Amino acid sequence: MFLSLRTEVEAALDGALSTLEFPTDDLGIEEPPEDVESVLASSVAFRLASEAGTPPPQVAGQIGDEIDTDDLRYVGAVETQGPYLNFLPSDAYLAETLAAATDDAYGHLTDREESVVVEHTSANPTGPVHVGRARNPIIGDAVANLLEFAGYDVDRHYYVNDAGRQMAVFTWAYERFDEADLEDEPERDRIEYDLVRYYRKGNAYLEDASEDELEQAEAEIESIMQGLEAGEEAAYDRVSEVVDQVLSGMKGCLARLPAAFDEFVKETRFMRNGDTDDLVSRLKELDAAVYEEDAWQLELDDHGIDKNLVFLRSDGTSLYATRDLAHHEWKFDNYDRAVTVLGEDHKLQARQLRTTLELLDNDTSGLEQVLYSYVNLPEGKMSTRRGTGVDLDDLLDESIDRAREEVEDRLEDRIRDDELDEDDVERIAHQVGIGAVRYDIVSKQPTKAITFEWDRALDFEAQSAPYVQYVHARTCGILEEAGLDPETDLAAQEIELEGFEADLLATEAERDLLETIARFPAVVEEAADDLEPHRIATYTREFAEQFNGFYRECPVLSDEIDPELREARLALVAASKHTIANALSILGVAAPRSM
RNA sequence: GGGCGCGUAGCUCAGUCUGGACAGAGCGUCGGACUUCUAAUCCGAUGGUCGUGGGUUCUAAUCCCAUCGCGCCCGCCA
């Protein structure tokens, strides 16, 4: 409804300015500060003052007089406050918002008939997922949810780097060493924790090896890479044995978030189907292509990139970047847009990728990156190879444990007589524990650096997931108490919707809450346009504050409440429930019915 | 050295793209509110040279230039 109101305000303002023969290129529409009653405001009078030869407040008055609110549906009144024009909501605005938001799909935007592939995580299958890259699945999943919510047809892809040198090293190490060669026990009973030990052992061996040993090992590693390049089934099978096992374990970890994928796209796919060879020959034909020091490269200086892009090694094998080019052309063939969630350390590669795709005559306007900065430890970087870092599994376990303690501590103080059993405690511990980790990460701008500290990551205080989740639990509590099912559209239940009279919801708290609910679809649209899920998190916080204000001021089920008002307020609670549940679903944070 | 990003209250962050109404939250500190739809809540107080210096503008945290600090990148790795 906010979007409709904004359109209406734009049209009204445009009309008034035209009538007064003012320019209409900048309407100066903005959202007013919190203590101002209006939904939208305009500061256009500032800009017109010198042209009109009158002070801004008088210009604002003139414009305000030109707008007849009888012609407007959602604007109830136009008021001036000094130089500002304020647009106040009509009863219809509030009533229609309430009606729209009692639908459990509230906030979903209309289908855009546009497909988008969101590639995220794509961590090399070398071992357990650690916290250093945990931002990727959390942001990526939220971006995918957000786009889906905003009406796009979304596929989620994990691009599997199964053809790189790292995997050749891993495969060699897996075949070369036995359990007896390994010093440590697996840190956890899941396959990637078992196998990563071979990878670490292999890397350690290569570091300390004698010249002969090194030569022998390198020959073996090289043969695996050549085998892959030549499309040999045997080489592919050897690598796959490692990749598929490690990946299955990593999937298990990511599923805890939960982050799920429609497809795991292996880069070997683009070697086996000939796309990479084809691409290499096309690259060689480019003006920018040079053959230097036995390797084929692309000079991108003309495009503002100093670093050459090597696309064929001197030994004739392709590189990650080469295969990724084929991968992206495949994406362009199958999707309208391609969004990739990447660590900021891949920024230069992303530029090279885009530029090269353009040189190959691709339209890259649908290619977008979401960049985030890595999570580091106070003592430095996390590394799978060296085994430094905090495993995501451990972070989630710890968070769930702390959440469980919280739930148990609060059990005795509960006023509500809903007798949580052990399953409930466990359910809440998971919802809150995992939700807190996700919310903490998704609510910040991805470009901000994060240094991982346990206490900070596991802070359950306000402005974190439980604060927002609690609001959801409160809405459910009220609806259940009234005999309604929180999960279902209010329209489908035993309640008289015709009773919605917006003027029944007359208190400031009710109107503020309704106005906040009204903004939700606009927040979804803007966040989706800019690929910024953290805006949804900011919104959930604002929403929670508004709801808590309403909760404090406006009893719903009390005996003193008039039945009609009770129904209107119940509708408002249901609208709140759907709004916050849907906002949380975009963030991938669970919405508990009770906690 | 070059390129990119970040710098807002003691701490963690919104706000910056699209300049406007006294710069907002939370944590912390101090003081209050549970016979009431769940107090993981709420109310009040405290706290800010928006890194620094210039510029543009009626108006700058926001735009431009310079500068400092921190991070990332500058592999025939991924």
Side-chain angles (χ1 to χ4, degrees), chain A residues 26 28-30 32-36 41-43 46-47 49-50 55-56 81-84 86 122-124 126 161 163-167 267 292-297 304-308 310-315 317 319-321 324 343-349 351 371 373-374 376 403 406-407 409-410 413-418 428 432 440 443-445 447-451 453 456 459-471 473-482 530 534-535 537-538 541-542 544-545 548-549 551-558 561 569-570 573 594-595:
Chain A
D26 184 355
I29 291 174
E30 60 192 71
E34 246 178 76
D35 52 346
V36 176
S42 170
S43 59
F46 279 114
R47 254 147 288 156
S50 59
Q81 194 170 330
Y84 294 96
N86 282 311
S122 301
N124 296 341
T126 50
N161 306 159
R165 196 187 135 81
Q166 286 184 51
M167 292 324 301
E267 58 178 338
E292 276 175 14
E293 295 172 46
D294 300 329
W296 278 95
Q297 342 196 347
I305 300 172
D306 296 337
K307 189 192 157 202
N308 277 11
V310 177
F311 62 88
L312 203 61
R313 292 189 181 98
S314 49
D315 66 359
T317 56
L319 291 93
Y320 173 85
D324 204 24
E344 62 172 353
D345 50 339
H346 292 247
K347 202 167 179 175
L348 179 61
Q349 289 92 295
R351 280 184 62 208
L371 296 160
S373 94
Y374 261 50
N376 286 320
E406 286 286 331
V407 181
D409 283 353
R410 291 165 200 272
D413 302 333
R414 285 176 73 85
I415 293 176
R416 194 153 185 238
D417 163 36
D418 56 1
I428 296 167
V432 170
D440 182 58
S443 62
K444 289 171 185 147
Q445 288 189 57
T447 46
K448 302 242 183 188
I450 294 181
T451 300
E453 286 163 52
R456 198 171 285 161
D459 185 1
F460 294 158
E461 295 300 326
Q463 264 199 350
S464 68
Y467 174 72
V468 178
Q469 290 174 313
Y470 189 60
V471 164
R474 275 182 156 174
T475 62
C476 291
I478 295 171
L479 294 171
E480 280 174 19
E481 192 71 27
D530 297 341
H534 80 271
R535 292 214 212 166
T538 304
R541 212 144 48 215
E542 291 165 4
E545 273 169 39
N548 284 325
Y551 185 89
R552 183 180 67 247
E553 304 288 337
C554 305
V556 179
L557 304 175
S558 157
I561 300 300
R569 284 185 177 169
L570 269 176
V573 173
S594 63
M595 60 188 279

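Since this is a predicted model, take the numbers as computed values, not measurements. Protein chains get the first letters and strands the later ones, always in sequence-line order, with residue 1 at the start of each.
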Looking for any heavy atom pair under 4.0 Å, which part of the strands does [X] touch: base, sugar-phosphate only, or nothing?
| X | result |
| --- | --- |
| A/Pro32 | base |
| A/Val407 | base |
| A/Cys554 | base |
| A/Val432 | base |
| A/Asp440 | nothing |
| A/Phe460 | nothing |
| A/Ile428 | base |
| A/Phe311 | nothing |

Measure from [atom1] on [X] to [atom2] on [N] and round the result to the nearest Å.
| X | N | atom1 | atom2 | answer |
| --- | --- | --- | --- | --- |
| A/Asp530 | B/rG15 | CG | P | 11 Å |
| A/Arg351 | B/rC4 | CZ | P | 8 Å |
| A/Tyr467 | B/rA39 | OH | P | 13 Å |
| A/Glu481 | B/rU38 | CD | C1' | 10 Å |
| A/Glu453 | B/rC13 | CD | C1' | 14 Å |
| A/Arg47 | B/rU59 | CZ | C1' | 10 Å |
| A/Glu542 | B/rA14 | CD | P | 13 Å |
| A/Leu570 | B/rC37 | CG | C1' | 10 Å |

To the nearest 0.5 Å, tell me how far [X] [atom1] sits from [Y] [atom2].
| X | Y | atom1 | atom2 | result |
| --- | --- | --- | --- | --- |
| A/Met167 | A/Asn124 | CE | CG | 7.5 Å |
| A/Asn161 | A/Glu267 | CG | CD | 5.0 Å |
| A/Tyr467 | A/Arg541 | OH | CZ | 9.5 Å |
| A/Leu371 | A/Asp345 | CG | CG | 9.5 Å |
| A/Gln349 | A/Asp324 | CD | CG | 10.0 Å |
| A/Arg351 | A/Leu348 | CZ | CG | 6.5 Å |

Inset, instruction - State which residues pass salt bridge (Lys or Arg N to Asp or Glu O under 4.0 Å) with A/Glu453; sequence neighbours excluded, sorted by chain then number. - result: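 Only A/Arg456 meet the salt bridge (Lys or Arg N to Asp or Glu O under 4.0 Å) criterion with A/Glu453.
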Legend entry - Test salt bridge (Lys or Arg N to Asp or Glu O under 4.0 Å) applied to A/Arg410 - qualifying residues, sequence neighbours left out: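 With neighbours one apart ignored, the set is A/Glu406.
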Legend entry - Pairwise side-chain contact, A/Glu481 with A/Val556, heavy-atom cut-off 4.5 Å (strictly under):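 No - every pair of side-chain heavy atoms lies 4.5 Å or more apart.
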Legend entry - Heavy-atom side-chain contact between A/Val36 and A/Asn86 under 4.5 Å: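 Yes; the side chains approach each other to less than 4.5 Å.
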Exercise: identify the closest heavy-atom pair between [X] and [Y]:
| X | Y | answer |
| --- | --- | --- |
| A/Phe46 | A/Pro83 | CZ-CG, 3.5 Å |
| A/Ala473 | A/Ser594 | CB-CA, 4.0 Å |
| A/Gly343 | A/Tyr374 | CA-CE1, 3.7 Å |

Whole-Å [atom1] distance, [N] and [M]:
| N | M | atom1 | value |
| --- | --- | --- | --- |
| B/rG44 | B/rG3 | C1' | 50 Å |
| B/rA23 | B/rG47 | P | 14 Å |
| B/rA25 | B/rC63 | C1' | 26 Å |
| B/rA39 | B/rC34 | C1' | 6 Å |
| B/rU16 | B/rA78 | P | 38 Å |
| B/rA9 | B/rG48 | C1' | 5 Å |
| B/rG51 | B/rA61 | C1' | 12 Å |
| B/rU52 | B/rC68 | P | 15 Å |

Side chain of [X] - closest among [options]:
| X | options | value |
| --- | --- | --- |
| A/Gln445 | B/rC13, B/rG15, B/rA21 | B/rG15 |
| A/Thr538 | B/rA39, B/rG5, B/rA14 | B/rA14 |
| A/Arg474 | B/rA39, B/rA40, B/rC58 | B/rA39 |
| A/Ala473 | B/rU38, B/rC42, B/rA40 | B/rU38 |
| A/Tyr470 | B/rA14, B/rU38, B/rC42 | B/rU38 |
| A/Lys448 | B/rC6, B/rA40, B/rC37 | B/rC6 |
| A/Leu557 | B/rC37, B/rC17, B/rA21 | B/rC37 |

Inset, instruction - List the protein contact pattern of nucleotides 23-36 of chain B with one symbol per nucleotide (5' to 3'): B for base contact, S for sugar-phosphate-only contact, - for none; contact means a heavy-atom distance under 4.0 Å. - result: --BSS------B--
Legend entry - Contact state string [nucleotides 72-78 of chain B, B base, S sugar-phosphate only, - no protein heavy atom under 4.0 Å]: SSSSBSB
Legend entry - Comparing A/Pro33 and A/Arg410 on RNA chain B - which has the more 5′ nearest nucleotide: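 The answer here is A/Pro33.
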Inset, instruction - Please name all residues satisfying side chain to side chain contact (heavy atoms under 4.5 Å, CB included) with A/Arg47, sequence neighbours left out, ordered by chain then number. - result: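 In terms of side chain to side chain contact (heavy atoms under 4.5 Å, CB included), with neighbours along the sequence ignored, A/Arg47 is linked to A/Asp26, A/Ser43.
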Inset, instruction - Could you run through RNA chain B and flag its stems, i.e. three or more consecutive Watson-Crick or G-U pairs with both distances under 3.5 Å? - result: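 Counting only runs of 3 or more consecutive pairs, the stems involving RNA chain B are B:1-7 with B:68-74, B:10-13 with B:24-27, B:28-33 with B:41-46, B:51-55 with B:63-67.
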Inset, instruction - Give a yes or no on whether the backbone of A/Lys448 and the side-chain of A/Ser373 come within a donor-acceptor separation of less than 3.5 Å. - result: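 Yes.
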Inset, instruction - Using a cut-off of strictly less than 4.0 Å, decide whether A/Tyr374 has a side-chain nitrogen or oxygen near OP1 or OP2 of B/rC6. - result: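 The answer is no; no side-chain N or O of A/Tyr374 sits under 4.0 Å from OP1 or OP2.
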